Amino acid sequence: MAMQTRYVRIMGTGKYLPSRIVTDEEMDLRLGTPQGWVRKMTDVTIRHFASGHETASYMGARAAEAALSEAGLDFTDIDCLVCTSGTKEQVLPSTAVLIQRALGQEMSGVPAFDIDATCLSFLVGLDLISYLVEAGRYRHVLLVSSEIASVGLNWKEKESAALFGDGAAAVIIGPSDGESRIIGSALRTYSKGAALSEIRGGGTRMHPREHHAGTEEEFLFHMNGQAIFKMASQLLPGFVEELLLEAQLRMADFQAVIPHQGSAMALRLMQKKLGITGEQLVNITPNHGNTIAASIPMALHEAIRQGRIERGGRVLLLGTAAGLSLGGMTFVY
């Protein structure tokens, strides 16, 4: 496999959490479970749910503004806006277009489009767009993950409904003159797991006009957590071994490991199976929940803000997504 080094740099990050906080006690009441069940099953004590004016584009725009401010840039410095999310605000146009408008930049002409690889959308977007920055096609790119999971939850599927939260994160990348770089990345999809995590309704196979009381569950999120867990646990160790071999790194070489914040059970398994220390693991699940594709850039933002990642430090991004897909990236911050 050819070396994949790309000299790009994370210039700024930002985050937005909806104002409505939902506690584990409130979730127990809503799900009809005994007090303490949600916390025990998920490790999630609080998550945020969007409400009122907090659309995906509104949240994404606020996270983007925070990232621009941190990078010391204006929107006029941005050459491309990419929304890397697993949920969409509406079927057409892409959420990136709506984020551009929510930023008050509707006549800027800046290209805006979506990249959707469900929970791995940010990782895949960063991977693909980094090649365009490296090639000089774009100089500064704004990547935004903005997710509203709460509207599509099936409250009858208690284990998955208890996991999710809403929110947005944004990352700006630009060219690097040396130390900062992407070392390598990989994506694998095993569509044998396609039915394990899905929303069947809403597309062309089951159009929204077919939505009625009898088909309602087809339009809600369905996840077979145990089957995903089993499949991922079989595939992940070999995948990570290959990723690290190509990068010529060991797990101990990373300052931080940022996984997709899927579930407490998945994080514990990943930590144990892959030999990730408590100091390395960035776990924001307890106070965010699973925010789909926003979980990795949110955790990245928190790790930088808390000083857990410093310039020159090696970072591993890792996760699974509906598909079933596995994704990983090694980079020097």
Side-chain angles (χ1 to χ4, degrees), residues 27 31 33 37-38 41-44 47 84-88 114-125 127 145 147-166 186-206 210-211 215-240 242-243 259-274 283 285 288-296 317-329:
M27 287 297 276
L31 293 165
T33 50
W37 183 88
V38 166
M41 292 299 294
T42 67
D43 270 1
V44 183
R47 78 282 291 142
T84 55
S85 299
T87 59
K88 291 173 72 69
D114 290 3
I115 290 176
D116 177 9
T118 67
C119 294
L120 287 170
S121 298
F122 172 76
L123 195 155
V124 171
D127 186 23
S145 296
E147 304 280 24
I148 299 181
S150 56
V151 294
L153 297 176
N154 184 344
W155 296 98
K156 292 177 185 174
E157 294 189 8
K158 296 178 182 183
E159 286 191 28
S160 67
L163 279 174
F164 289 87
D166 304 337
L187 182 73
R188 302 275 185 276
T189 300
Y190 302 91
S191 52
K192 184 181 179 183
L196 300 180
S197 187
E198 60 179 352
I199 298 174
R200 290 178 288 270
T204 56
R205 187 165 68 89
M206 188 173 288
E210 294 177 52
H211 183 279
T215 62
E216 187 182 9
E217 290 205 12
E218 301 293 320
F219 292 81
L220 298 174
F221 177 70
H222 163 73
M223 181 171 81
N224 184 338
Q226 288 292 338
I228 292 169
F229 184 74
K230 187 178 177 184
M231 198 170 168
S233 63
Q234 288 168 349
L235 295 166
L236 208 53
F239 172 80
V240 172
E242 195 181 321
L243 183 71
H260 165 53
Q261 314 284 317
S263 71
M265 185 168 66
L267 284 179
R268 281 196 289 269
L269 171 99
M270 190 185 286
Q271 188 173 357
K272 189 178 175 185
K273 275 207 166 188
L274 303 178
N283 177 12
T285 309
H288 291 75
N290 177 345
T291 54
I292 316 177
S295 78
I296 288 178
L317 306 181
L318 197 60
T320 61
L324 178 91
S325 292
L326 311 177
M329 176 182 285

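In this text, all values refer to a predicted model and were calculated from it rather than measured experimentally. Each residue takes its place number in the sequence, starting with 1.
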Least distance between heavy atoms, [X] atom then [Y] atom:
X	Y	value
Val38	Leu31	CG2-CD1, 3.9 Å
Gly86	Ser121	N-OG, 3.9 Å
Ala162	Arg47	O-NH2, 3.0 Å
Leu243	Met329	CD2-N, 4.0 Å
Phe122	Ala293	CB-O, 3.8 Å

Please assess Asn290 against Thr285 for the test side chain to side chain contact (heavy atoms under 4.5 Å, CB included), listing each intermediate value before the final yes or no.
CA-CA 6 Å; Asn290 177 345; Thr285 309; over 6 Å; no
Quick one: [atom1] on [X] to [atom2] on [Y], what's the gap to the nearest 0.5 Å?
X	Y	atom1	atom2	result
Glu198	Thr118	CD	OG1	12.0 Å
Leu196	His222	CG	NE2	7.0 Å
Tyr190	Leu326	OH	CG	6.0 Å
Ile292	His260	CD1	NE2	8.0 Å
His288	Asn283	NE2	CG	10.5 Å

Evaluate the criterion side chain to side chain contact (heavy atoms under 4.5 Å, CB included) for residue pair Met41 and Met27; output intermediate values, then yes/no.
CA-CA 12 Å; Met41 292 299 294; Met27 287 297 276; over 6 Å; no
Please tabulate, one pair per line, all N/O donor-acceptor pairs under 3.5 Å involving side-chain atoms of residues 223-236, not counting sequence neighbours.
unit_1: Asn224; atom_1: OD1; unit_2: Ala227; atom_2: N; d: 3.1
unit_1: Ser233; atom_1: OG; unit_2: Phe229; atom_2: O; d: 3.0
unit_1: Ser233; atom_1: OG; unit_2: Lys230; atom_2: O; d: 2.9

Any donor-acceptor N or O pair under 3.5 Å, side chains Thr87, Glu147
yes
Determine, stepwise, if the pair Leu120 / Leu187 fulfils side chain to side chain contact (heavy atoms under 4.5 Å, CB included).
CA-CA 9 Å; Leu120 287 170; Leu187 182 73; 4.0 Å; yes
Apply the test side chain to side chain contact (heavy atoms under 4.5 Å, CB included) to residues Asp43 and Arg268: give CA-CA distance (whole Å), side-chain angles for both, the deciding distance (0.1 Å), then the verdict.
CA-CA 11 Å; Asp43 270 1; Arg268 281 196 289 269; 3.2 Å; yes
Which residues pass the salt bridge (Lys or Arg N to Asp or Glu O under 4.0 Å) test with Lys88, not counting sequence neighbours?
Asp114
Contacts of type side-chain hydrogen bond (donor to acceptor under 3.5 Å, both in side chains), residue Glu217, not counting sequence neighbours
Asn154, Lys156
The criterion is side-chain hydrogen bond (donor to acceptor under 3.5 Å, both in side chains); which residues satisfy it with Ser325, sequence neighbours excluded?
Thr189
ring-ring contact (aromatic ring centres under 6.0 Å, His included) filter on His211, not counting sequence neighbours, yields Phe219
Taking ring-ring contact (aromatic ring centres under 6.0 Å, His included) as the test, write out the residues that go with Phe239, two or more places apart.
none
Using a 3.5 Å distance criterion without hydrogens, assess whether the side chain of Thr215 forms a donor-acceptor pair with backbone atoms of Glu210.
yes
Okay, side chain of Asp166, backbone of Ser150: is any donor-acceptor separation there less than 3.5 Å?
yes
